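Notes follow once the structure below has been shown.
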Amino acid sequence: MGQKKKLAEAEQQQSPTDTAHKPSFKKPRLGPPLTLGSQRSIYFCQSPKDHSARLGSEFFDQPAVSLARALLGQVLVRQLGDGTELRGCIVETEAYLGPEDEAAHSRGGRQTPRNRSMFMKPGTLYVYLIYGMYFCMNVSSQGDGACVLLRALEPLGGLETMRQLRSTLRKGTISRALKDRELCSGPSKLCQALAIDKSFDQRDLAQDEAIWLEHGSLESSAPAVVTAARIGIGRAGEWAQKPLRFYIRGNPWVSVVDKGAEQNTQA
DNA sequence: ACGCTGATGTACT
DNA sequence: GTACATCAGCGTT
């Protein structure tokens, strides 16, 4: 409860040193460009500064495992109310397959008010509260009740604002400044760093004005991927062992490295 | 490096 | 009541 209020306050605050990623023109500002289908053409070529290409709904319309891999190397962009852009490259994901997946909230076909967005169209965000104080962000994929959890980002822009959001939202001690590595290396850390809360649940990543996905650079578009067991799945039986976590090999921003899995997944 | 623990609120046996 | 798709801080190898 206090979390949401604190988050709103944190978003108001502005780091005076963190101006590099603000848009140069004044508010009110239009949202990010929207693609229709796979068209991206002239609109994006006109502004050299805007080398962005928002990924459209067709990108998300693939099975969870496929989407989990495809998301690696793509850039998640969050625009705050004041126009500040926070950017991070996705380096770690997990796939949740739907009704048959004992570790998924949609196991057994359960559909509740909480997990409704898991069943909505591909590209819909599923954001839920965990342990009473944190959020996790998922992207719905093709397949009923299937989605992909975002577990870690390499922060690319707006790091000082991220640091501020992370510190403000952490409780208690006004402690040390967080290292860059600590900003987005975990599913709830990245939600704090990007000011993602429950209000993002059921939003469309292909259409929303405050959050979207862009193509990563060429080199990061075909990364070496490690396949490993998912994290934090206690009582999901055999499903806890299945290799449904994906991360970029050797990437220092990954939250948990699985050396055993890396042996099996030789590059 | 690893292991323990408290924080904290919602969903759903 | 109990279980959480977690995190940070502190203690011990």
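The structure displayed is predicted, hence computed values, not measured ones. In what follows, every chain begins at residue 1, and chains take the letters A, B, ... in the order their sequences are listed.
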* Asked: Is a salt bridge present between A/Lys259 and A/Glu262, judged by a nitrogen-to-oxygen distance below 4.0 Å?
  -> no

* Using whole Å, report how far CG of A/Asp197 lies from C1' of B/dG9. => 15 Å

* Asked: Salt-bridged, A/Glu214 to A/Arg87, with N to O below 4.0 Å?
  -> yes

Any N/O pairs under 3.5 Å between the protein and nucleotides 10-13 of chain C? List them or say none.
none

* Does the aromatic ring of A/Tyr134 sit over the six-membered base ring of C/dT6, closer than 5.5 Å centre to centre and tilted less than 30°? -> no

* Would you call A/Phe59 and A/Leu67 a side-chain contact if the rule is heavy atoms closer than 4.5 Å? -> yes

* If you check the A/Ile130 side chain, which of C/dC7, C/dC4, B/dT8 turns out closest? -> C/dC4

* What about A/Leu213 and A/Val127, same hydrophobic cluster or not, with Ile/Leu/Val/Met/Phe/Trp/Tyr joined at side-chain heavy-atom distances under 4.5 Å? -> yes

* Specify the closest pair of heavy atoms between A/Arg245 and A/Arg151, including all atoms of both residues, with the distance to one decimal. => CD-CD, 4.0 Å

* How long is the line joining CD of A/Glu102 and P of C/dC4, in whole Å? -> 12 Å

* Asked: Please give, in whole Å, the distance from B/dC2 C1' to A/Lys259 NZ?
  -> 12 Å

* Provide, to the nearest angstrom, the distance between the CZ atom belonging to A/Arg107 and the P atom belonging to C/dA5. => 7 Å

* Are A/Arg166 and C/dA8 close enough that a side-chain N or O sits under 4.0 Å from OP1 or OP2? -> yes

* d(CZ, A/Arg163; P, C/dA8) in whole Å -> 14 Å

* Asked: Is A/Leu149 touching bases, backbone alone, or none of the nucleic acid, heavy atoms closer than 4.0 Å?
  -> base

Contacts under 3.5 Å, N or O only, protein and nucleotides 11-13 of chain B:
residue : atom : partner  : partner atom : Å
B/dC12  : OP1  : A/Thr112 : OG1          : 2.6

* To do: Evaluate the criterion side-chain contact (heavy atoms from CB on, under 4.5 Å) for residue pair A/Val77 and A/Arg54; output intermediate values, then yes/no.
  => CA-CA 10 Å; A/Val77 187; A/Arg54 177 200 269 256; over 6 Å; no

* Gap between atom CZ of A/Arg166 and atom SG of A/Cys191 - 0.5 Å precision -> 10.5 Å

* Would you call A/Ile211 and A/Leu205 a side-chain contact if the rule is heavy atoms closer than 4.5 Å? -> yes

* Taking atom CG of A/Leu183 and atom CG of A/Leu190, what is their separation to the nearest 0.5 Å? -> 11.0 Å

* **Integer-rounded Å distance: C/dC7 C1' and A/Leu183 CG** => 14 Å

* Reported OG1-to-CG distance for the pair A/Thr93 and A/Leu149, which is rounded to 0.5 angstrom -> 8.0 Å

* **Pair assignment for DNA chain B - dot-bracket with | for other-strand partners, Watson-Crick or G-U under 3.5 Å** => |||||||.||||.

* Choose from C/dT6, B/dA7, C/dA5 the nucleotide whose nearest atom is closest to any side-chain atom of A/Met133. => B/dA7

* Tell me: CD of A/Gln192 to C1' of B/dA7, nearest whole Å? -> 13 Å

* Within the stacking criterion (centroid distance below 5.5 Å, interplanar angle below 30°), does A/Tyr131 stack on B/dA7? -> no

* What nucleic acid atoms does A/Met137 come within less than 4.0 Å of, heavy atoms only: base, sugar-phosphate, or nothing? -> nothing

* Identify which one of A/Phe119, A/Tyr128, A/Tyr96 satisfies the ring pair (Phe, Tyr, Trp, His ring centres under 6.0 Å) criterion when paired with A/His105. => A/Tyr128

* May I have the distance from A/Glu182 (atom CD) to C/dT6 (atom C1'), rounded to whole angstrom? => 15 Å

* **Closest to the A/Leu129 side chain, choosing from B/dA7, B/dT10, C/dC7** => B/dT10

* Structure fact -> Result for 5'-nearest mapping on DNA chain C, choosing between A/Ile231 and A/Lys189, is A/Ile231

* To do: Report the nucleotide, chosen from C/dA5, B/dA7, B/dT10, that has the shortest atom-to-atom distance to any side-chain atom of A/Ile233.
  => C/dA5

* To do: Could you tell me whether B/dT13 is syn or anti, where syn means a glycosidic angle within 90 degrees of zero?
  => syn

* Asked: After noting the C-alpha distance and the side-chain angles of A/Gln142 and A/Asp61, does the key distance pass the side-chain contact (heavy atoms from CB on, under 4.5 Å) rule?
  -> CA-CA 5 Å; A/Gln142 183 181 302; A/Asp61 190 13; 3.1 Å; yes

* Side-chain donor-acceptor pair under 3.5 Å between A/Ser117 and A/Asp201, yes or no? -> yes

